[in-house]
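Scroll down for the structure; my scribbles are underneath it.
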Amino acid sequence: MRDFFRRMPEGRRPLPASVGRRPAVPPRLLPWQVRERRFRPARFGRRGLDPQEVREFLDQVAGELAAVYDALRQSRREAGRVRIALCQLQAERAHGRNEREWDR
């Protein structure tokens, strides 16, 4: 409790509560989570959904999620290759420019 009332040294301010924390983002839904999801059967006297139809739909959604995550992975890999190629090109141009300046 004593630390709570201690004064901050001059020039230092306390960090806002949001600094250092990740924003509240819901966890990603993964394909295996969709495939493994189970639903409780409807209670006696209530209507329910056809379990086979629900299972087929969940399998379809899981397949779509897997395709999207695969496309995202490929896109990120390609962006990384482009980034590396751009850095190499910039380095080559800078090196050539430096050599021309030294020759003068």
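The figures here come from the full heavy-atom set of this structure, side chains too, leaving out hydrogens, waters and symmetry mates.
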I need the minimum non-hydrogen distance between Arg55 and Arg37, along with the two atoms involved. NH2-O, 2.9 Å
Would you give the length of the straight line joining atom CG of Leu89 to atom CD1 of Ile84, rounded to the nearest 0.5 angstrom? 14.0 Å
Crowding at OH, Tyr69 (>12 non-hydrogen neighbours, <6.0 Å): yes
Can you tell me if Gln60 and Glu64 form a side-chain donor-acceptor pair at under 3.5 Å? no
Rounded to the nearest 0.5 angstrom, the CD-CG distance for Gln74 and Asp70 is 4.5 Å
How long is the gap from CZ on Arg35 to CD on Gln33, to the nearest 0.5 Å? 11.5 Å
Partner residues of Glu78 under the salt bridge (Lys or Arg N to Asp or Glu O under 4.0 Å) criterion, sequence neighbours left out: Arg81
Residues passing the side-chain contact (heavy atoms from CB on, under 4.5 Å) test with Arg76, sequence neighbours excluded, are Leu72
Go through the steps for Leu30 and Leu65 under the test side-chain contact (heavy atoms from CB on, under 4.5 Å), then give the verdict. CA-CA 7 Å; Leu30 299 174; Leu65 277 174; over 6 Å; no
I'd like to know if Val54 and Val34 are part of one continuous hydrophobic network [Ile/Leu/Val/Met/Phe/Trp/Tyr, side-chain heavy atoms within less than 4.5 Å]. yes
